[in-house]
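The structure under discussion appears below in the form of structure tokens.
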Amino acid sequence: MKVRFFKQICFLFLVVWSISLYPEEIQPFIESYSWESKGDWEKATYPLLSKSDLKNDYFANLRLGYINLLLYKGKEAIQFYQKASILEPTSIESKLGLMKAYQMQEQRDLVKQTCQTILKLDPKNYTARSSLAYSYFLDKSYGLSESTYLQIVKDYPADSEMLIGLALSQLYQGKKKEAKYTYEKAIIIVPYDGRLQFIEQNLKK
């Protein structure tokens, strides 16, 4: 108990010392990280929310978006990521966060829209391309998901998730020859994946 108490005192001392060491504008971030280290994400938002210049602070809005994602507060995360994206229009990280927040809210049209925005800035962005392909797949737009997965697989030939997505997109279009070819690539990498068993069963029909 004494050792644990001593460690807590040392930790609190370090936090106080860190806060006093850095300029005033950095202190809310230090406090936020302190609450994060304790696993209290809700309280990690408080120092940043109280910043007087929050509306003009890209990093604070970005972090608040991230924290709210971890708290499964999709609506709040969207608001902060949108603000961050406005403050830094060419930033990809804020738009990737916004995309994830839209996914959490199951707003697929906005997910696709955000993916397209990211791809205009970074045409090879893996996260945006894979999310776009999956969104098309969920919408049963299998032709679009196939073409998107196919482009990713050209860059990542051994990506099992993209191969499976491609094979399923082909299968649901009745393209059994193409689906079999993709399936044979994927099964080398993840032979026990249940989705591949599903594809195999349907290829035999």
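None of these values were measured; they are calculated from a predicted model. We number each residue from 1, following the sequence as shown.
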Task: Derivation and outcome, salt bridge (charged side-chain N to carboxylate O under 4.0 Å, His left out), residues K205 and E200 - done: CA-CA 9 Å; K205 292 181 181 179; E200 182 181 9; over 6 Å; no

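- Within the structure, side-chain hydrogen bond (donor to acceptor under 3.5 Å, both in side chains) contacts touching residues 185-198 (residues at least two apart or in different chains) are E161-R195, Y181-K185, D193-R195.
- The backbone N or O of T114 sits nowhere less than 3.5 Å from a side-chain atom of K95 that would complete a donor-acceptor pair.
- Y46 and F59 fall into different hydrophobic clusters, where Ile, Leu, Val, Met, Phe, Trp and Tyr are joined by side-chain heavy atoms under 4.5 Å apart, directly or via other members.
- Looking at D57, its side chain never comes within 3.5 Å of a backbone N or O of D53 through a donor-acceptor pair.
- Considering only heavy atoms from C-beta on, Y134 stays 4.5 Å or farther from V111 through its side chain.
- Distance check: S34 OG to D40 CG gives 10.0 Å after rounding to the nearest 0.5 Å.
- Note that CG of L171 is 9.5 Å distant from OH of Y142, once rounded to the nearest 0.5 Å.
- Residues Y149 and I118 fall into different hydrophobic clusters, defined by Ile, Leu, Val, Met, Phe, Trp and Tyr side chains chained together at heavy-atom separations under 4.5 Å.
- What you find for N56 and L87 is that their closest heavy atoms are C-CD1, 3.9 Å.
- The aromatic rings of Y126 and Y156 sit perpendicular, their planes meeting at an angle over 60°, well past the 30° parallel limit.
- The backbone N or O of Y81 sits nowhere less than 3.5 Å from a side-chain atom of S85 that would complete a donor-acceptor pair.
- The main-chain N or O of A44 is found under 3.5 Å from a side-chain atom of S32 such that the two form a donor-acceptor pair.
- With hydrogens and angles left out, the side-chain atoms of T148 and S145 include no donor and acceptor closer than 3.5 Å.
- By the 4.5 Å heavy-atom criterion applied to side chains, M162 and S130 are counted as neighbours.
- No donor-acceptor pair under 3.5 Å is formed between the side chain of S131 and the backbone N or O of A128.
- To the nearest 0.5 angstrom, L166 atom CG is 9.5 Å from K175 atom NZ.
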TODO: Apply side chain to side chain contact (heavy atoms under 4.5 Å, CB included) to the pair Y172 and F137, showing each step before the final yes or no.
DONE: CA-CA 10 Å; Y172 287 142; F137 183 83; 3.5 Å; yes

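- Residues Y102 and Y136 do not share a hydrophobic cluster, defined by chaining ILVMFWY side chains whose heavy atoms lie under 4.5 Å apart.
- Follow the hydrophobic side-chain contacts under 4.5 Å out from I86 and you never reach L64; the two are in separate clusters.
- Considering only heavy atoms from C-beta on, I78 comes within 4.5 Å of Q107 through its side chain.
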TODO: Show your reasoning for whether side chain to side chain contact (heavy atoms under 4.5 Å, CB included) applies to E88 and S94.
DONE: CA-CA 8 Å; E88 294 288 348; S94 62; 5.7 Å; no

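- At a threshold of 4.5 Å between non-hydrogen side-chain atoms, the residues N68 and Q79 do not count as touching.
- Neither M99 nor L144 shares a network with the other; the hydrophobic side chains, linked directly or stepwise wherever heavy atoms of I, L, V, M, F, W or Y lie under 4.5 Å apart, form separate groups for each.
- Considering all non-hydrogen atoms of both residues, R129 and P123 come closest at CD-O, 3.8 Å.
- Here the shortest heavy-atom pairing between L203 and K176 reads CD2-O, 3.6 Å.
- Counting all heavy atoms, side chain and backbone alike, A77 lies closest to A101 at CB-CB, 4.0 Å.
- Here CG of L150 is found 8.0 Å from OG1 of T182. Values are rounded to the nearest 0.5 Å.
- Remark: K43 does not engage E36 in a salt bridge, criterion side-chain N to carboxylate O under 4.0 Å.
- Here the side chain of Q173 pairs a donor or acceptor atom with the backbone of S169 at under 3.5 angstrom.
- Rounding to the nearest 0.5 angstrom, the gap separating the OG1 atom in T117 from the CD1 atom in I92 is 11.5 Å.
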- [ ] Take K51 and L48 through the side chain to side chain contact (heavy atoms under 4.5 Å, CB included) test and state the conclusion after the steps.
- [x] CA-CA 5 Å; K51 280 175 63 64; L48 301 174; 4.2 Å; yes

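- With a 4.5 Å cut-off on side-chain heavy atoms, K100 and Q103 count as touching.
- For the pair A158 and I189, the tightest heavy-atom approach, listed with the atom from each and the gap, is O-CD1, 3.4 Å.
- F80 has its side chain out of reach of T45: every pair of non-hydrogen atoms, C-beta onward, lies at least 4.5 Å apart.
- At distances below 3.5 Å, not a single donor-acceptor pair connects side-chain atoms of K124 with backbone N or O atoms of L119.
- Counting all heavy atoms, side chain and backbone alike, L69 lies closest to G97 at CD1-O, 4.1 Å.
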TODO: Report the C-alpha separation of I30 and I26 in whole Å, then their side-chain angles, then the decisive distance to 0.1 Å, and conclude whether the side chain to side chain contact (heavy atoms under 4.5 Å, CB included) test is met.
DONE: CA-CA 7 Å; I30 300 297; I26 301 177; 4.0 Å; yes

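- A distance of 5.0 Å separates CG of L138 from CZ of R108, quoted to the nearest 0.5 Å.
- When side chains are defined from C-beta on, V190 counts as touching I164, because their heavy atoms get closer than 4.5 Å.
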